[in-house]
Amino acid sequence: MIIVLAQTKGGVGKSTLSINLTIACARKGADVLLVDADEQATASDFTAIRTERLGSPGYTAISLTGAAVRTQVLRLSRKYQDIIIDASGRDTAGLRAALTVADTALVPFQPRSFDLWTLDKVVSLLTEADGYREQPLRSFAILNFADSQGMDNAEAAEALRGASALTFLDRPIGRRKAFPNAAAVGLGVVELKPQDLKASAEIAALATAVFATDNDAISAAMMTSRP
Ligand SMILES: Nc1ncnc2c1ncn2[C@@H]1O[C@H](COP(=O)(O)OP(=O)(O)OP(=O)(O)O)[C@@H](O)[C@H]1O
Ligand SMILES: [Mg+2]
């Protein structure tokens, strides 16, 4: 499966989720390719730190920009079981190319109104990408930096459920120190010691929903909150 973390808003957690989903797949034994399609090179820098720490990152990482995101990913899709593309936080040629080649777009939102203001822009990007595709892109909205209390998560979820071109997956990722702490030392949250069990469970639940290919699993992720 080819998954792109896509959002024209910066700092919503695309790189954090790319890294953690890549590690989740790799730990299950899949041959995973992490594509850094952002000139900020967060995913590549992370992989360098990880390689220094572990010797081998456990996945393959490359950097691509512009139209090469499409052409190279198409070629490489024959060689890897899963490909995860970390796109830039702006509307770039690389992001647009990724949206034409991916099976699934995962679009993180913070449960804040100024983050939801990018929703229309994202919807039009996804809709435009469908014009270049044989099959419509499967696109999921999720909450990152979800609050542990208050009404903001529910209000954001309601706004996202009403969006066209996107399916809201009720698999929120909480605002947790474990994410930056793990990334800083080249690890996924599941590998950090002591392990943040909630953060690890959230990533596992998100990975299960995103990699699901049967409609029942996806419907379950749309309808039910995690325990
Ligand atoms: N769930 C979370 N809880 C706490 N901190 C988080 C979480 N997700 C991301 N962060 C932190 O927020 C910052 C931005 O995250 P990240 O770099 O993944 O966003 P991004 O969307 O890739 O940004 P950019 O658009 O600049 O590429 C980082 O410091 C990251 O460690
Ligand atoms: Mg990033």
Side-chain angles (χ1 to χ4, degrees), residues 1-26 30 32-38 42-43 46 59 69 73 77 80-92 94-111 115-116 118-119 121-123 125-127 129-130 133 135-146 153 156-157 159-161 163-174 179 183 188-189 199 202-213 215 217-222 226:
M1 194 176 284
I2 305 173
I3 294 176
V4 56
L5 274 288
Q7 229 314 354
T8 49
K9 173 102 174 55
V12 291
K14 295 176 295 293
S15 299
T16 300
L17 297 174
S18 297
I19 287 161
N20 279 286
L21 289 174
T22 297
I23 291 168
C25 277
V32 193
L33 176 68
L34 174 61
V35 176
D36 191 343
D38 182 6
T42 312
F46 170 83
Y59 55 82
V69 174
V73 167
S77 62
Y80 291 91
Q81 282 160 289
D82 294 305
I83 300 182
I84 295 172
I85 306 172
D86 181 20
S88 70
R90 294 179 298 119
D91 179 1
T92 58
L95 170 59
R96 285 174 179 256
L99 292 174
T100 66
V101 78
D103 305 304
T104 301
L106 187 58
V107 189
F109 289 88
Q110 280 196 64
D115 274 70
L116 296 171
T118 58
L119 183 55
K121 172 95 182 122
V122 170
V123 165
L125 257 181
L126 297 172
T127 309
D130 275 344
R133 300 172 53 92
Q135 306 256 340
L137 180 62
R138 198 170 77 130
S139 301
F140 295 131
I142 60 146
L143 292 183
N144 185 30
F145 295 100
N153 294 349
L160 293 171
R161 279 199 171 98
S164 61
L166 278 165
T167 300
F168 178 68
L169 279 190
D170 199 359
R171 292 293 182 269
I173 305 291
F179 288 103
V189 277
E202 285 169 352
I203 288 294
L206 178 63
T208 302
V210 170
F211 286 98
T213 45
N215 287 336
I218 293 163
S219 301
M222 286 165 61
R226 291 191 321 107

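When a residue number appears, it is its place in the shown sequence, counting from 1. The figures here come from the full heavy-atom set of this structure, side chains too, leaving out hydrogens, waters and symmetry mates.
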What are the two closest non-hydrogen atoms of [X] and [Y], and how far apart are they?
X      : Y      : value
Asp82  : Cys25  : OD2-SG, 3.9 Å
Val69  : Ala37  : CG2-CB, 4.0 Å
Ala87  : Val4   : CB-CG2, 4.1 Å
Ile83  : Ser77  : CD1-CA, 3.7 Å
Val210 : Met1   : O-SD, 3.5 Å
Leu126 : Ala165 : CD1-O, 3.9 Å

Using a 4.5 Å cut-off on heavy atoms from C-beta on, say whether the side chain of [Y] contacts that of [X].
X      : Y      : value
Ile173 : Ile203 : yes
Val12  : Phe109 : no
Thr92  : Leu95  : yes
Pro172 : Asn153 : no
Phe211 : Ile3   : yes

Could you measure the distance from the [atom1] atom of [X] to the [atom2] atom of [Y]? Nearest 0.5 Å is fine.
X      : Y      : atom1 : atom2 : value
Thr118 : Leu116 : OG1   : CG    : 7.0 Å
Ile142 : Leu206 : CD1   : CG    : 5.0 Å
Thr22  : Leu17  : OG1   : CG    : 10.5 Å
Leu160 : Leu166 : CG    : CG    : 7.5 Å
Gln135 : Asp130 : CD    : CG    : 10.0 Å
Thr16  : Phe46  : OG1   : CZ    : 9.5 Å

Any donor-acceptor pair under 3.5 Å linking the side-chain atoms of Asp86 with those of Ser15? yes

Only counting residues at least two apart or in another chain, list the ones meeting side chain to side chain donor-acceptor pair (under 3.5 Å) with [X].
X      : result
Arg90  : Glu39
Ser139 : none
Asp38  : Gln40

Result block: side-chain N/O donor-acceptor pairs under 3.5 angstrom for residues 97-104, not counting sequence neighbours:
unit_1: Thr100; atom_1: OG1; unit_2: Arg70; atom_2: NH1; d: 3.0
unit_1: Thr100; atom_1: OG1; unit_2: Ala97; atom_2: O; d: 2.7
unit_1: Asp103; atom_1: OD2; unit_2: Ile2; atom_2: N; d: 2.6
unit_1: Thr104; atom_1: OG1; unit_2: Arg138; atom_2: NE; d: 3.0
unit_1: Thr104; atom_1: OG1; unit_2: Arg138; atom_2: NH2; d: 3.1

Report yes or no: does Gln7 contribute a side-chain atom to a donor-acceptor pair with the main-chain N or O of Pro108 at less than 3.5 Å?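 Checking the backbone N and O of Pro108 against the side chain of Gln7, a donor-acceptor pair under 3.5 Å is found.
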
Could you walk me through whether Asp91 and Lys121 satisfy the side chain to side chain contact (heavy atoms under 4.5 Å, CB included) test, starting with their C-alpha distance in whole Å, then the side-chain angles of each, then the deciding distance to 0.1 Å, before giving a yes or no? CA-CA 9 Å; Asp91 179 1; Lys121 172 95 182 122; 3.2 Å; yes

Walk me through it: do Val107 and Lys9 pass the test side chain to side chain contact (heavy atoms under 4.5 Å, CB included)? CA-CA 10 Å; Val107 189; Lys9 173 102 174 55; over 6 Å; no

Pairwise salt bridge (charged side-chain N to carboxylate O under 4.0 Å, His left out) hits with a residue in residues 11-21, at least two apart: none

Those residues that, when tested against Ala26, pass side-chain contact (heavy atoms from CB on, under 4.5 Å) (two or more places apart):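 If we apply the side-chain contact (heavy atoms from CB on, under 4.5 Å) test to Ala26, skipping adjacent residues, the hits are Val32.
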
